[in-house]
Peer 1: 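This is the structure, below, for whatever I ask next.
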Amino acid sequence: MALLDANEVADLLEEIGDRLELTGESPFKVRAYRNAADLLRELNEPLAELVASRRLMKFPGIGEAIAEKISSLHKKGTHPTLERLREEVPDGLLDVFRIPGLGPKKVLQLRDTLGIEDLDALERAAQSDKLVTLKGFTAKMQAKVLESIGFVRASAKRILLIEADFLARERIHQLKADPGCLRSEVTGETRRRCETVGETAVLAEFDPGAKLPADDGRARVAACAPGQFGTKMLFETGAPDFVEAMMRHAEKQGAKLTPEGLTLKSGPAETPTEERVFMALGVPFVPPELREDAGALEQALNGSLPDLIVEKDVKGILHSHTTYSDGQASLEAMCEAVRALGLGYYGVCDHSQSASYAGGLKEDKIKAQHAEAEKLNAAYEKKGVAFRVFKGIESDIREDGSLDYPDEVLKRFDFVVASVHSRFDLDEKTQTSRVAKAAQNPFTTILGHMTGRLLLRRTGYKLDIARVLEACAANGVAVEINAHPVRLDLDWRWHTRARELGCLLSINPDAHTIPELEHYRYGVAVARKGGVTAKDNLTSLDAGELAKHFSARKART
DNA sequence: GCCGTTTTCGGCCCGACTGTTTTCAGTCG
């Protein structure tokens, strides 16, 4: 058994936590496992070293029991406690637990009274009106459960892009050590940067006669012979509609495009790379992110492919949290981490006062944070460091659409990200008016994670997105592309519409830790899918241009 | 399960919302 890394161990700790909760264990014990899992994910040194040097217990939140479990999970891939819990708590019950509105108590109640241990049983019970017979269940909840089952079922078959990246990287790492493997690259939805991935896949070119690697059950390896890499890459990357369009285009030219190779009228073409396939067919290279359907090929052929944003176009970080609210690193540490990424500014953006669960900022903390920000700016200037801290806030949008502070407090910020964190259950019309009203507020600079979706966990609230985009455009409010891998919200399918309406977008990581700052790259990935160019993105402005943008916005208030 | 001590137990983030709850438990962010 290969040694498990920190992320894999974190997943297993999470699993222990979930299963423990479904045995009715103390919520605090459950939280201890989840906290330990979170901590492992933010580690910035290899887990192997921590285990070897027995330093795990140095971390707050990891005691003797969890340290022992981490060691065992790391070395053996399992632990007796996990094995016992897997016997005790059926997998199906974990699926039931994922239905929004069903917490541990209700899941156990369903099992104990109706014998429900999986989604199928839950669906049957809901369809035959059994849930409403239970204490604490209503017709409304039953309907909501039925509505969610399909979403949870579909989610179970997919993983987040960031997880697929991890699996693919690991597989490629293994393949590099394989002497028969000449080269390997990620393909499929992962290469197209889809926000969730059904199948993680890698293409590997092997020496003829080389022994092919065994399946690891996590990332599929497609093997090809030398010379086929270019065409095989195209077919493995998909999407099917795009590939079909390419085949038809080839046919029109009297050529034949198959996974095994490209044959032109003049004979077989050498296609060692995908670029050569495009070239041989006279098609400008289509970035994988755009290959969702035939439309991208049309754009390529008529020369209208967008000049997609790249990671280097992002010049700084806006919307990210610190220890002033629910972030894990201090303001200064975040600034230094952003500088280390080669970026030019940090727009601190902690939660506002209503977000008490997240330690939202009361006025005294705002003052303290602003004093520290100004001190940092003065110190950077004195040292001749080209770096700037902007004073922002992530203001809750209250139920009536107003922001979370009076105007005289709001005007002290350089910028305001307005986001919904409560009352997800409003009907579409009410929710739309609420969010649109926030967009009309002259203090709002950016509209944060517009739909509130959490990928594979929760659909967004009901919202007329087009109407909200119109409100943003009319008021010069930038629309966030929240780059957190679990959000990626606004969805890339709306980016074109947003740009057509005249909205500026803003790629923001919403980081709560130092490693999460780099999530802005996921924002760039989906922005590319959405056809976004550098000039469409607020954070492509440098610090000076951004300061001007903020001043211009504030002049409206 | 972790932690801190006024140290070996008792608290652990907390406020809002929902429902059938007539005073609170469950869920969520």
Side-chain angles (χ1 to χ4, degrees), chain A residues 12-14 16-40 56-73 79 81-82 85 96-110 112 131-145 148 321 323-328 350-362 365 394-400 404 419-427 430-431 448-449 451-454 457-461 482 484 486-487 489 510 512:
Chain A
L12 294 177
L13 289 177
E14 201 95 53
I16 290 178
D18 286 350
R19 288 183 194 266
L20 266 183
E21 194 161 31
L22 293 179
T23 65
E25 258 294 0
S26 145
F28 298 108
K29 191 193 269 201
V30 172
R31 191 191 296 161
Y33 281 97
R34 293 191 180 140
N35 288 344
D38 289 345
L39 196 143
L40 284 190
L56 282 169
M57 284 173 67
K58 292 248 164 40
F59 292 89
I62 297 186
E64 203 172 338
I66 290 187
E68 186 267 327
K69 287 184 182 72
I70 292 175
S71 289
S72 166
L73 292 170
H79 186 277
T81 300
L82 177 60
L85 285 166
V96 174
F97 190 28
R98 300 188 60 179
I99 303 276
L102 298 185
K105 297 284 161 58
K106 286 211 160 60
V107 172
L108 290 177
Q109 184 190 7
L110 287 168
D112 296 341
L131 298 193
V132 291
T133 64
L134 266 47
K135 192 169 180 288
F137 280 84
T138 59
K140 199 175 155 192
M141 287 166 76
Q142 180 172 272
K144 212 180 130 201
V145 164
S148 304
H321 301 262
T323 44
Y324 278 91
S325 68
D326 60 349
Q328 303 292 309
D350 277 303
H351 286 282
S352 61
Q353 57 186 359
S354 284
S356 49
Y357 61 90
L361 270 50
K362 306 268 186 228
K365 274 194 173 179
E394 182 179 20
S395 169
D396 269 26
I397 297 173
R398 294 192 293 202
E399 185 171 354
D400 64 358
D404 203 13
S419 315
V420 167
H421 290 110
S422 60
R423 297 308 309 261
F424 296 158
D425 57 334
L426 299 178
D427 63 76
T430 315
Q431 194 76 279
H449 48 69
T451 75
R453 75 176 182 185
L454 295 178
R457 291 221 297 269
R458 172 179 95 197
T459 55
Y461 31 80
N482 188 296
H484 195 290
V486 83
R487 291 190 184 271
D489 178 13
D510 198 357
H512 288 71

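Model, not experiment: these values are computed from the prediction. Within every chain, numbering begins at 1; the chains are lettered A, B, ... in the order of the sequence lines, protein sequences first and strands thereafter.
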Peer 1: If a pair satisfies salt bridge (charged side-chain N to carboxylate O under 4.0 Å, His left out) and one of its residues is in residues 60-72 of chain A, list it, with sequence neighbours excluded.
Peer 2: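 Sorted result for residues 60-72 of chain A: empty, none.
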Peer 1: Specify the residues of residues 26-35 of chain A, ordered by number, for which at least one heavy atom lies under 4.0 angstrom from an atom of DNA chain B.
Peer 2: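 Heavy-atom contacts with DNA chain B come from A:F28, A:K29, A:R31, A:A32, A:Y33.
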Peer 1: Considering residues at least two apart in sequence or located in another chain, which fulfil the side chain to side chain contact (heavy atoms under 4.5 Å, CB included) criterion with A:R457?
Peer 2: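 A:R457: side chain to side chain contact (heavy atoms under 4.5 Å, CB included) contacts with A:L454, A:V486.
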Peer 1: Under the rule for side-chain hydrogen bond (donor to acceptor under 3.5 Å, both in side chains), what residues qualify as partners of A:T138, not counting sequence neighbours?
Peer 2: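 A:T138 satisfies side-chain hydrogen bond (donor to acceptor under 3.5 Å, both in side chains) with no other residue.
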Peer 1: Where along nucleotides 19-29 of chain B does protein come under 4.0 Å, by heavy atom, of base (B) or sugar-phosphate alone (S), with - for untouched nucleotides?
Peer 2: SS-----SSSB
Peer 1: Side chain to side chain contact (heavy atoms under 4.5 Å, CB included) with A:L56: which residues, sequence neighbours excluded?
Peer 2: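 If we apply the side chain to side chain contact (heavy atoms under 4.5 Å, CB included) test to A:L56, skipping adjacent residues, the hits are A:L47, A:L50, A:V51, A:I62, A:A67, A:I70, A:S71.
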Peer 1: Set out, line by line, the N/O atom pairs under 3.5 Å between protein and nucleotides 3-10 of chain B.
Peer 2:
residue, atom, partner, partner atom, Å
B:dC3, OP1, A:G61, N, 2.6

Peer 1: Only pairs under 3.5 Å count here: list side-chain donor-acceptor contacts from residues 99-110 of chain A, not counting sequence neighbours, and write none if there are none.
Peer 2:
residue, atom, partner, partner atom, Å
A:Q109, NE2, A:K135, O, 2.9

Peer 1: I'd like to check the ring pair (Phe, Tyr, Trp, His ring centres under 6.0 Å) partners of A:H321; sequence neighbours left out, ordered by chain and number.
Peer 2: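 Once residues adjacent in sequence are excluded, the partners of A:H321 under the ring pair (Phe, Tyr, Trp, His ring centres under 6.0 Å) criterion are A:H319, A:H351, A:H512.
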Peer 1: Among residues two or more places apart or on two chains, list those pairs meeting salt bridge (charged side-chain N to carboxylate O under 4.0 Å, His left out) that have a residue in residues 24-37 of chain A.
Peer 2: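 Of all non-adjacent pairs touching residues 24-37 of chain A, those that pass salt bridge (charged side-chain N to carboxylate O under 4.0 Å, His left out) are A:D18-A:R34, A:E21-A:R34, A:E25-A:K29.
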Peer 1: Sequence neighbours left out, what passes ring pair (Phe, Tyr, Trp, His ring centres under 6.0 Å) with A:Y461? Give chain and number order.
Peer 2: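 Checked A:Y461 against ring pair (Phe, Tyr, Trp, His ring centres under 6.0 Å); matches are A:F424.
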Peer 1: With A:Q142, which residues qualify under side-chain hydrogen bond (donor to acceptor under 3.5 Å, both in side chains), at least two apart?
Peer 2: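 For A:Q142 the side-chain hydrogen bond (donor to acceptor under 3.5 Å, both in side chains) partners, ignoring immediate neighbours, are A:D129.
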